[in-house]
Amino acid sequence: MRTKLSTVAAAAAAVVVLASCSSDDGEGGSAASGELAGEGTGDSCSIEGEVPIGAVLSLTGAAASYGESQQRGLELALEQLNEKEGVTYDLTIEDDQTDPRQGITLFDEFVSQDVSLIIGPTLSNAAVQSDPIAQEAGVPVLGISNTAAGVTEIGDYIHRNSLTESAVIPQTIAKATEEYGLENVVVMYSNDDAFTESGYEAFAAALEEEGVEVSETITFSKSDTDFRALLTQAQQSEPDALIVSALIEAAIPLVTQARELGIDVPIIGGNGFNNPRLMADAGEAAEGVVVGAAWNSSSDNPENQAFLEDFQAAYDAQPDQFAAQAYTGLMLVDQAVRANCSADRESIKEALGELENIPTVLGEFSIDENRDAVHPAVVQVVQDGQFAVLE
């Protein structure tokens with residue numbers, strides 16, 4: 001499935017969904033990236049042609065809830081950017097169906113279509129397989145939700161605006177240990193996904209750093225939905241908390257079944273728990289779940305307050321972290337394009353790597369020497385059906 005978003009695409013209404021993945025769209029008004037140099041810089045930058053951007057999101061399949069939020073964030077940013085003078089963007093969103101093989105195909109297509117940059121894919125699992133295609137072709141990539149270790153190590157064209165698990169989880173465990181006096185925990189994680197495995201490794205290191213004993217480590221598959229036997233096994237260790245690295249599809253039944261079995265200790269999740277579906281689907285069982293995050297709606301910086309208002313107006317709903325990161329991602333791409341007033345791939349790559357102290361929805365944002373994100377993180381707890389800052 002392809003979503004083609006043209007110059008003044010309204011947030012939802014102007015979305016045109018095409019039935020195939022044909023490559024003709026790559027010619028539809030998108031000049032080769034090398035021809036897209038303009039005059040001026042920053043807000044005065046003016047580029048005559050549309051800047052072609054590709055995005056690979058998981059709009060169907062197991063990670064669809066993340067991808068759908070990202071699509072909304074990108075569409076809102078696109079609409080606002082294209083209302084500014086000087087630079088307009090031609091954004092094409094493709095669905096990888098939560099299948100890394102489809103992600104590889106889509107990256108191949110975007111590379112051949114001369115896009116200036118590729119955003120995505122949604123999951124780290126897909127990124128580690130598709131990003132090398134862009135790296136080899138010299139196409140810059142901006143990951144907006146890839147948190148696993150090693151993603152940007154693929155090469156110097158790979159960037160991300162999503163904090164890594166290793167950046168967020170130590171803060172989460174330190175805060176939870178202080179708040180709940182953790183001494184002994186059980187760790188559970190799905191061991192067939194790059195993102196959740198990376199989360200597990202970050203949790204294990206953080207627990208060791210805090211001197212918290214891990215009485216048992218239990219693994220499962222990301223497709224599992226019945227955790228009763230594993231939770232009963234965990235319960236026998238009488239832990240102070242359950243530490244879980246899982247995607248939301250596993251997190252919801254795991255949390256629900258834990259409470260059904262009478263496990264009332266804190267459940268501390270990785271980034272996969274950062275999804276409103278946790279509260280919507282697990283209901284009361286989600287209360288007290290702790291998760292570190294790259295963004296919280298309560299942030300009072302002016303960029304975030306404007307984003308919340310605009311998102312509500314566009315979709316009659318509140319955004320989640322994935323929408324915030326996607327929105328920020330396209331705004332950062334605009335910063336990079338305007339910096340040298342060029343949509344040439346090499347120019348964007350250079351400018352992305354030099355982003356520093358940019359005010360964004362996520363807070364003051366910089367890219368470090370490894371092309372990873374640097375900005376504040378927050379530790380959240382579910383209270384009254386929504387994420388609140390754990391204080």
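One-based numbering along the sequence shown.
Residue pairs meeting the ring-ring contact (aromatic ring centres under 6.0 Å, His included) criterion with at least one partner in residues 265-307, sequence neighbours excluded, are Phe307-Phe311, Phe307-Tyr327. Applying the ring-ring contact (aromatic ring centres under 6.0 Å, His included) rule to pairs touching residues 55-77 yields Tyr66-Phe322, sequence neighbours excluded.
Counting heavy-atom neighbours within 6.0 Å of Glu183 CD, excluding the residue itself, gives a total of 12 or less. Atom CD of Glu260 has more than 12 neighbouring heavy atoms from other residues, nucleotides or ligands inside a 6.0 Å radius.
Scanning both residues, Gly292 and Thr172, for their nearest heavy atoms gives CA-OG1, 3.2 Å.
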- [ ] Given side-chain hydrogen bond (donor to acceptor under 3.5 Å, both in side chains), test Gln233 with Glu216 step by step and report yes or no.
- [x] CA-CA 9 Å; Gln233 178 185 340; Glu216 192 162 11; 2.4 Å; yes
- [ ] Determine, step by step, whether Leu352 and Leu117 satisfy the side-chain contact (heavy atoms from CB on, under 4.5 Å) criterion, reporting the C-alpha distance in whole Å, the side-chain angles of both residues, the deciding distance to 0.1 Å, and the verdict.
- [x] CA-CA 11 Å; Leu352 279 176; Leu117 173 138; 3.6 Å; yes
TODO: Would you sort out whether Ser162 and Asn146 count as a side-chain hydrogen bond (donor to acceptor under 3.5 Å, both in side chains), showing the intermediate values?
DONE: CA-CA 6 Å; Ser162 42; Asn146 303 147; 5.8 Å; no
Task: From CA spacing to verdict: side-chain hydrogen bond (donor to acceptor under 3.5 Å, both in side chains), Asp310, Gln80 - done: CA-CA 10 Å; Asp310 294 343; Gln80 294 179 356; 2.9 Å; yes
- [ ] Starting from the C-alpha separation in whole Å, work towards a yes-or-no answer on side-chain hydrogen bond (donor to acceptor under 3.5 Å, both in side chains) for Thr152 and Asn370.
- [x] CA-CA 7 Å; Thr152 51; Asn370 299 315; over 6 Å; no
Open item on the list: Pair Glu178, Leu182 - check side-chain contact (heavy atoms from CB on, under 4.5 Å), show working.
Closed with: CA-CA 8 Å; Glu178 174 189 342; Leu182 304 183; over 6 Å; no
Task: Stepwise side-chain contact (heavy atoms from CB on, under 4.5 Å) test for Gln135 and Ile158 - done: CA-CA 7 Å; Gln135 173 66 31; Ile158 313 303; 3.9 Å; yes
- [ ] Decide yes or no on side-chain contact (heavy atoms from CB on, under 4.5 Å) for Met331 and Glu303, but give the supporting numbers first.
- [x] CA-CA 11 Å; Met331 291 297 181; Glu303 291 78 19; over 6 Å; no
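With sequence neighbours left out, Lys175 forms a salt bridge (Lys or Arg N to Asp or Glu O under 4.0 Å) with no residue at all.
Atom-to-atom distance recorded for Ile53:CD1 and Leu330:CG is 7.0 Å, nearest 0.5 angstrom. In this structure, the separation between CG on Asp192 and OG on Ser221 is 4.0 Å, given to the nearest 0.5 Å.
Listed for the Thr360 side chain is a donor-acceptor partner under 3.5 Å among the backbone atoms of Leu362. A donor-acceptor pair under 3.5 Å is formed between the side chain of Thr98 and the backbone N or O of Thr60. Between the side chain of Gln380 and the main chain of Ala388, no donor-acceptor pair closer than 3.5 Å is present. Counting only distance, with no hydrogens or angles, the side chain of Tyr315 and the backbone of Arg72 share a donor-acceptor pair below 3.5 Å. With hydrogens and angles ignored, the 3.5 Å screen pairs a side-chain donor or acceptor of Gln305 with a backbone N or O of Ser299. With hydrogens and angles ignored, the 3.5 Å screen pairs no side-chain donor or acceptor of Ser190 with any backbone N or O of Phe220. Side-chain atoms of Asn161 come within 3.5 Å of backbone atoms of Gln325 as a donor-acceptor pair (strictly under, hydrogens ignored). Between the side chain of Ser342 and the backbone N or O of Ser347, no donor-acceptor pair lies under 3.5 Å. A donor-acceptor pair is defined here as one N or O able to donate and one able to accept, closer than 3.5 Å; no such pair exists between the side chain of Asp240 and the backbone of Val185. Of the possible polar contacts, none joining the Glu94 side chain to the Leu57 backbone as a donor-acceptor pair under 3.5 Å is found.
A side-chain donor-acceptor contact under 3.5 Å links Asp96 and Ser58. Side-chain contact of Tyr157 with Asp131: a donor-acceptor pair under 3.5 Å is absent, judged by distance alone. Between the side chains of Gln312 and Gln318, a donor-acceptor pair is found at a separation under 3.5 Å. A side-chain donor from one of Gln321 and Asn274 sits under 3.5 Å from a side-chain acceptor of the other. Looking only at atom types and distance, the side chain of Gln70 has a donor-acceptor partner in the side chain of Thr122 under 3.5 Å away.
In this structure, the side chains of His159 and Leu142 come closer than 4.5 Å at one or more pairs of heavy atoms. Taking the side chain as every heavy atom from C-beta outward, Asp372 and Arg160 approach each other to under 4.5 Å. A heavy-atom distance below 4.5 Å is found between the side chains of Val151 and Val128.
Checked for salt-bridge contact, Asp264 and Arg259 miss the test: no charged N lies under 4.0 Å from a carboxylate O. A salt bridge is defined here as a Lys NZ or Arg NE, NH1 or NH2 lying under 4.0 Å from an Asp or Glu carboxylate O, and Arg277 with Glu249 meets this definition. Electrostatic pairing of Arg371 and Asp156 does not count as a salt bridge here, judged by no charged N lying under 4.0 Å from a carboxylate O.
Both Leu74 and Val361 are part of a single hydrophobic cluster, where members link through side-chain heavy atoms under 4.5 Å apart.
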